[in-house]
Amino acid sequence: MSLTVDIPAYPAEPEHMIFGLPMPMARAFALKGEAIGNDRARVRMPHQEQFTNSRGDMHGGAIATLLDVGLSAAARAHDPGRYGVITVDLTIHYIAPAAGDVICTAVCEKRGRSLSFVRGELFNDAGELLGMATGTFKLVERNPG
């Protein structure tokens, strides 16, 4: 599957939500779910000084958080309100420093009954590749209400 396929846009949400699910951590990192569907998701993390390293670039830990959220969203992209996820593993390859906003685009390559296998890429607003990741996520059906 290609990461370049169109992903349906998602309406703006309160700052503690990601694709219909409450996530207080989303507020802390100012994560914005921009698009989800077709087994794909796109999440943006705006540049924030409190998450930079000694060089002024986004810290690798903050970027790892973005990747975890972005890839997990793709794992549940087939039914975002029905499932939450648990991260089983996440492998990250940092390619270039991030000096501004960072955008994660992810695709679920294979979804089983409980495990989903996802890959993602990180870009800046200029479209430059900043990193790549793969992850395995366990789908957890949420209780309505």
Side-chain angles (χ1 to χ4, degrees), residues 1-10 12-13 15-142:
M1 290 185 166
S2 171
L3 292 173
T4 60
V5 171
D6 287 333
I7 309 170
Y10 197 82
E13 296 181 286
E15 59 186 21
H16 71 284
M17 303 285 285
I18 291 288
F19 302 123
L21 298 184
M23 185 184 297
M25 192 169 171
R27 177 184 294 142
F29 283 85
L31 301 177
K32 300 295 179 208
E34 294 185 338
I36 192 168
N38 299 325
D39 289 328
R40 291 161 177 75
R42 186 175 62 245
V43 178
R44 176 183 295 266
M45 182 173 61
H47 183 269
Q48 299 169 83
E49 185 178 350
Q50 70 267 29
F51 298 126
T52 59
N53 58 27
S54 61
R55 296 180 317 280
D57 297 320
M58 292 299 285
H59 188 279
I63 291 171
T65 297
L66 171 62
L67 283 163
D68 189 41
V69 171
L71 272 67
S72 67
R76 66 185 179 94
H78 64 299
D79 198 347
R82 181 176 175 188
Y83 294 99
V85 297
I86 297 169
T87 305
V88 175
D89 69 39
L90 183 64
T91 301
I92 302 170
H93 301 281
Y94 299 96
I95 296 172
D101 287 8
V102 184
I103 302 107
C104 173
T105 303
V107 59
C108 182
E109 295 288 358
K110 174 79 172 152
R111 185 179 297 106
R113 285 180 294 167
S114 65
L115 293 179
S116 297
F117 302 90
V118 185
R119 68 181 167 96
E121 296 174 336
L122 294 172
F123 296 94
N124 60 20
D125 279 325
E128 298 168 322
L129 183 65
L130 306 175
M132 300 179 293
T134 57
T136 307
F137 300 87
K138 180 175 177 51
L139 294 172
V140 179
E141 194 158 359
R142 296 178 48 81

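Atom CZ of F51 and atom CD1 of I63 lie 12.0 Å apart (nearest 0.5 Å). Note that OH of Y83 is 12.5 Å distant from CZ of R76, once rounded to the nearest 0.5 Å. Distance check, rounded to the nearest 0.5 Å: CG of L67 to CD1 of I92 gives 5.0 Å. Note that CD1 of I95 is 8.5 Å distant from CZ of F123, once rounded to the nearest 0.5 Å. Rounding to the nearest 0.5 Å gives a distance of 10.0 Å between CE of M17 and CE of M23. Separating the CD atom in E34 from the CD1 atom in I18 is a distance of 10.0 Å, to the nearest 0.5 Å.
For the pair N124 (side chain) and L130 (backbone), a donor-acceptor distance under 3.5 Å is absent. Distance alone, capped at 3.5 Å, places no donor-acceptor pair between the R119 side chain and the V107 backbone. Within the 3.5 Å criterion, the main-chain N or O of N38 finds a donor-acceptor partner in the side chain of R40.
Evaluation of the side-chain contact (heavy atoms from CB on, under 4.5 Å) rule for D89 yields T136 as partners, not counting sequence neighbours.
Taking both residues in full, the closest heavy atoms of D101 and P46 are given as OD1-CA, 3.2 Å, listed atom of the first, atom of the second, then distance. The two residues A73 and I36 make their nearest non-hydrogen contact at O-CD1, 3.6 Å. Contact record, A106 with G70: CB-O, 3.7 Å, taken as the closest heavy-atom pair. Heavy-atom minimum distance, P22 versus R142: CD-NH2, 4.0 Å. Shown here for A75 and F137, the closest heavy-atom pair between the two residues is CB-CB, 3.9 Å. A pairwise comparison of heavy atoms in Y10 and G20 identifies OH-N, 3.3 Å as the closest pair.
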F29 and L66: CA distance, side-chain angles, deciding distance, side-chain contact (heavy atoms from CB on, under 4.5 Å) verdict: CA-CA 8 Å; F29 283 85; L66 171 62; over 6 Å; no
Full working for side-chain contact (heavy atoms from CB on, under 4.5 Å) between T52 and H47: CA-CA 8 Å; T52 59; H47 183 269; 3.5 Å; yes
Stepwise side-chain contact (heavy atoms from CB on, under 4.5 Å) check, M45 with T65: CA-CA 10 Å; M45 182 173 61; T65 297; 5.8 Å; no
side-chain contact (heavy atoms from CB on, under 4.5 Å) between D79 and E141, intermediate numbers included: CA-CA 10 Å; D79 198 347; E141 194 158 359; over 6 Å; no
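E49 CD: 12 or fewer foreign heavy atoms inside a 6.0 Å radius. By the 6.0 Å contact criterion, NE2 on H59 is open, its count of non-hydrogen atoms from other residues, nucleotides or ligands being 12 or less.
Counting only residues at least two apart or on different chains, no salt bridge (Lys or Arg N to Asp or Glu O under 4.0 Å) pair has a member in residues 128-140.
Between C104 and L122 there is a side-chain heavy-atom pair separated by less than 4.5 Å. Using a 4.5 Å cut-off on side-chain heavy atoms (C-beta onward), V69 and M25 make no contact.
Test L115, L71, L139 against V85 for side-chain contact (heavy atoms from CB on, under 4.5 Å) and you get one pass: L139.
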